[in-house]
Amino acid sequence: MGYILTKEDFDQVIRNLLKSYRIFAPVRKKGAGRFTDVDAVIYDEITEGTQIELEAKSDYSAKEFLLPLSETLFYFTEQEVKEADLDKRPVLFFARSCDLNAIRRTDQIYLANGDARDPFYQRRRDLIRYVLIGCPQSYENCFCVSMDSNRWDGDYAFSVEYSDGQIRSDVADDSFDGFFAQVSGLEKTSISPAYVTENKVKADIPDQIPASVIKSDLWDEYTTRCINCGRCNFVCPTCTCFTMQDVYYSDNGRAGERRRVAASCMVDGYTDVAGGGSYRKKNGERMRFKVLHKISDFKKRFGYQMCVGCGRCDDVCPEYISFTNIIKKVSRESREVES
Ligand code: SF4
Ligand code: SF4
């Protein structure tokens with residue numbers, strides 16, 4: 001059961017929630033997009049409901065709350081280590097099905113990939129409750145249906161969905177009902193979050209990718225086309241790689257801080273090793289690594305695909321390289337080997 005709200009009602013609900021929660025949601029940043037006068041939709045903390053962008057797909061994913069581009073983990077001196085402070089107030093996190101399914105994958109990497117759980121990820125993860133953004137229609141380059149991430153079957157506090165000037169909200173967790181009930185004149189009605197059932201773009205990933213595809217010359221094209229800018233990694237909700245940086249303070253070289261900084265398998269330096277060596281020097285080799293990690297290697301380890309089909313890598317690539325076109329080529333070559 002839920003409610004149909006006007007924009008003003010919705011703003012009132014958000015005001016009620018802000019008394020108890022910090023809220024992170026997609027926000028439109030004027031003129032911050034890829035081209036002049038183009039907006040960007042990114043995740044940010046909001047202070048009023050009118051800031052939340054419910055209609056457009058966000059350019060950057062929801063992962064930046066859990067995995068900031070740069071995060072100080074702890075401070076150190078010669079004698080002591082002190083964990084960096086974190087705002088412990090609970091967080092409401094607005095995200096679409098694909099992005100919630102992506103967080104399921106980042107949970108897998110940081111919390112269930114071997115015996116140890118990452119405590120710095122865990123302490124952020126423990127703060128958040130989900131608000132599901134319904135998806136009445138597919139966006140350009142989305143292929144979530146092929147990746148089985150078009151629906152969210154997990155827990156959420158309530159859903160929101162913009163339609164014909166109104167916001168439809170399914171209150172899944174009764175403890176949130178009071179935030180809606182405080183708005184006068186609202187009546188309960190039956191609401192189900194919308195989800196996409198078909199995308200224009202489809203991905204047909206073979207069950208088995210033969211070893212010959214790894215050595216195939218299909219990757220050579222990307223050695224010249226890809227300019228290793230790394231944008232595809234930074235927008236991807238399931239890219240989780242990071243590097244560590246120890247920063248020593250200039251006025252006391254024996255004290256400093258350790259930072260976790262996002263890393264990209266497409267940019268120079270990612271595979272550098274001691275002695276001046278570097279694996280995967282060619283951009284085509286990097287592309288092969290990235291693509292097979294997303295549609296094969298992760299599945300071999302955890303039993304489901306890493307890529308959620310959000311299409312952001314295609315949206316952002318300055319060289320118009322299409323991830324789903326690469327999947328098509330991998331599929332075709334895999335089937336040729338089989339037959
Ligand atoms: S965004 Fe495009 S050009 Fe940049 S690294 Fe990714 S595939 Fe290469
Ligand atoms: S690889 Fe591309 S389509 Fe798949 S989850 Fe990452 S950004 Fe989205």
Side-chain angles (χ1 to χ4, degrees), residues 26 33-35 40-43 57-64 66-67 95-109 135 138-150 152 196 199-205 209 218-241 262-271 280-299 302 304-331:
R34 293 170 62 196
F35 307 107
V41 179
I42 63 172
Y43 269 77
K57 170 168 118 183
S58 66
D59 297 295
Y60 288 82
S61 79
K63 75 177 176 185
E64 287 180 27
L66 290 167
L67 300 167
R96 295 177 188 277
S97 298
C98 60
D99 281 332
L100 295 185
N101 278 295
I103 293 175
R104 188 172 274 165
R105 280 120 177 106
T106 54
D107 285 352
Q108 184 85 62
I109 294 289
C135 258
S138 178
Y139 296 90
E140 189 182 4
N141 295 324
C142 294
F143 56 102
C144 53
V145 177
S146 302
M147 304 313 293
D148 210 16
S149 66
N150 54 320
W152 174 243
V196 168
N199 309 117
K200 249 194 223 163
V201 180
K202 296 177 177 32
D204 180 16
I205 301 172
I209 298 177
L218 83 84
W219 307 106
D220 295 348
E221 169 187 344
Y222 304 102
T223 292
T224 45
R225 274 185 76 191
C226 171
I227 58 169
N228 61 57
C229 63
R231 282 178 172 194
C232 48
N233 295 126
F234 292 117
V235 297
C236 177
T238 62
C239 275
T240 56
C241 288
S264 157
C265 58
M266 299 303 290
V267 304
D268 291 344
Y270 182 82
T271 59
R280 299 196 296 272
K281 285 186 184 155
K282 293 179 183 168
N283 296 340
E285 294 169 339
R286 297 173 190 183
M287 185 66 81
R288 182 199 66 214
F289 170 80
K290 181 187 76 174
V291 170
L292 294 184
H293 186 45
K294 299 282 181 198
I295 64 164
S296 176
D297 300 337
F298 182 96
K299 188 177 177 191
F302 298 116
Y304 60 103
Q305 292 292 6
M306 185 181 209
C307 172
V308 292
C310 70
R312 289 188 178 97
C313 49
D314 287 17
D315 297 339
V316 82
C317 179
E319 300 300 314
Y320 303 103
I321 291 169
S322 159
F323 193 74
T324 43
N325 274 345
I326 300 174
I327 293 175
K328 272 187 203 140
K329 291 177 192 174
V330 169
S331 275

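In each ligand, atom 1 is the first atom listed, and ligand 1 is the first ligand listed. We use all heavy atoms of the structure for the numbers below, so side chains are in, but hydrogens, waters and symmetry mates are not.
For atom 4 (Fe) of ligand 2, the closest non-hydrogen atom of the protein is Cys307 SG, 2.3 Å. Summary of contacts: the protein heavy atom closest to atom 8 (Fe) of ligand 2 is Cys310 SG, 2.4 Å. With hydrogens left out, the protein atom closest to atom 3 (S) of ligand 1 is Ile227 N, 3.5 Å, a heavy atom. Regarding atom 2 (Fe) of ligand 1, its nearest protein heavy-atom neighbour is Cys317 SG, 2.4 Å. The nearest protein atom to atom 5 (S) of ligand 2, hydrogens excluded, is given as Val308 N, 3.4 Å; this is a heavy-atom distance.
In this model, no donor atom of one side chain and acceptor atom of the other lie less than 3.5 Å apart for Asp204 and Ser331.
Using bins of under 30°, 30° to 60° and over 60° for the plane-to-plane angle, the ring pair Phe323/Phe143 lands in the parallel bin. Using cut-offs of 30° and 60° for the angle between ring planes, the Trp219 and Tyr222 rings count as tilted.
Rounding to the nearest 0.5 angstrom, the gap separating the CG atom in Asp99 from the CZ atom in Arg312 is 4.0 Å. For the atom pair CG of Leu67 and OG of Ser61, the computed distance is 8.5 Å after rounding to the nearest 0.5 Å. Thr324 OG1 to Met147 CE: the interatomic distance, rounded to the nearest 0.5 Å, is 11.0 Å.
Atoms of ligand 1 lying under 4.0 Å from any heavy atom of Cys232, numbered from 1 in the order shown and given with element: 1 (S), 5 (S), 6 (Fe), 7 (S). Here is the list of ligand 2 atoms found below 4.0 Å of a heavy atom in Cys236: 5 (S), 6 (Fe), 7 (S). Set against the non-hydrogen atoms of Gly230, the atoms of ligand 1 under 4.0 Å away are 4 (Fe), 5 (S). Ligand 1 places these atoms under 4.0 Å from at least one heavy atom of Met287: 7 (S). Proximity to Gly311 (heavy-atom distance under 4.0 Å) selects the following atoms of ligand 2: 3 (S), 8 (Fe). Applying the 4.0 Å criterion to heavy atoms of Met266 picks out, from ligand 1, the atoms 5 (S). Of all the atoms in ligand 2, the ones that sit under 4.0 Å from a non-hydrogen atom of Phe143 are 3 (S).
Under 4.0 angstrom from ligand 1, there are no non-hydrogen atoms of Arg225. At a 4.0 Å heavy-atom cut-off, ligand 1 touches Asn228 through the backbone alone.
The six-membered or imidazole ring of Tyr60 lies away from that of Phe234, with a centre-to-centre distance of 6.0 Å or more.
With Thr238 as reference, Lys294 is the one residue of Lys294, Gln108, Lys63, Arg105 to meet the side-chain hydrogen bond (donor to acceptor under 3.5 Å, both in side chains) rule.
Side-chain atoms of Asp59 never come within 3.5 Å of backbone atoms of Ile42 as a donor-acceptor pair (strictly under, hydrogens ignored). Put simply, the side chain of Ser149 never gets that close to the backbone of Cys98: no donor and acceptor are under 3.5 Å apart. Proximity of a side-chain donor or acceptor of Asp314 to a complementary backbone N or O of Asn141 within less than 3.5 Å is not detected.
Put simply, Cys226 gets within reach of atom 8 (Fe) of ligand 1, with an N, O or S atom under 2.8 Å from it. Inclusion of Cys313 in the first shell of atom 2 (Fe) of ligand 1 is not supported: no N, O or S atom falls under 2.8 Å.
Put simply, no part of Val235 is less than 4.0 Å from ligand 2, judged by heavy atoms.
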